[in-house]
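Please read these numbers as outputs of a predicted model, since none were measured by experiment.
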Amino acid sequence: MNENFSVDLRLPKGCPNCGSHKVTVSQAQQPDDIVFCSSCNTEICDYQTAKQMLDEMPRSENEQLIEDVVNNRKPSSTEE
């Protein structure tokens, strides 16, 4: 049985090689773990940088909703 010890995330910035926003990182998600493009396997950045992108990079409401769903996070809301 082959177990997968990685998780998929969606970043606001696309892969410089193919443009995909979907990336793969180790399930441990240590700051120095390498994040790879899920489509073309290009090395994108380390997990610390990816986490910073997710937390700080401005994006449209549609992009934010897509990322929240793909990354299994509670949707962010600016409305009350």
Check the pair Leu9 / Tyr47 against side-chain contact (heavy atoms from CB on, under 4.5 Å), numbers first and verdict last. CA-CA 11 Å; Leu9 297 173; Tyr47 179 70; 4.0 Å; yes
Residue pair Cys15, Ile44: steps toward the side-chain contact (heavy atoms from CB on, under 4.5 Å) verdict: CA-CA 7 Å; Cys15 170; Ile44 303 296; 3.9 Å; yes
Kindly indicate, with the supporting measurements, whether the criterion side-chain contact (heavy atoms from CB on, under 4.5 Å) is fulfilled by Cys37 and Cys18. CA-CA 9 Å; Cys37 175; Cys18 71; 3.5 Å; yes
So Leu54 and Asn71, side-chain contact (heavy atoms from CB on, under 4.5 Å) or not? Walk me through it. CA-CA 10 Å; Leu54 286 170; Asn71 297 340; 3.5 Å; yes
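With sequence neighbours excluded, the residues satisfying side chain to side chain contact (heavy atoms under 4.5 Å, CB included) with Glu63 are Arg10, His21, Arg59, Ser60, Glu67.
Note on Met53 and Ile66: separate hydrophobic clusters, where clusters join Ile, Leu, Val, Met, Phe, Trp and Tyr whose side-chain heavy atoms are under 4.5 Å apart, directly or indirectly. Following chains of ILVMFWY side-chain contacts shorter than 4.5 Å, one can reach Val7 starting from Leu11, so the two form part of one hydrophobic cluster.
Put simply, the side chain of Gln27 does not reach to within 4.5 Å of the side chain of Ser6, judged on heavy atoms.
At a cut-off of 3.5 Å, with distance as the only test, a side-chain donor of Thr24 or Ser38 sits close to an acceptor on the other residue. For Asp33 and Gln29, the side-chain atoms include no donor-acceptor pair closer than 3.5 Å.
Lys51 NZ to Glu56 CD: the interatomic distance, rounded to the nearest 0.5 Å, is 10.0 Å.
Checked by atom type and distance alone, the side chain of Asp55 never pairs as donor or acceptor with a backbone atom of Gln52 at under 3.5 Å.
Contact between Ile34 and Val25 at its shortest, heavy atoms only, is O-CG2, 4.1 Å.
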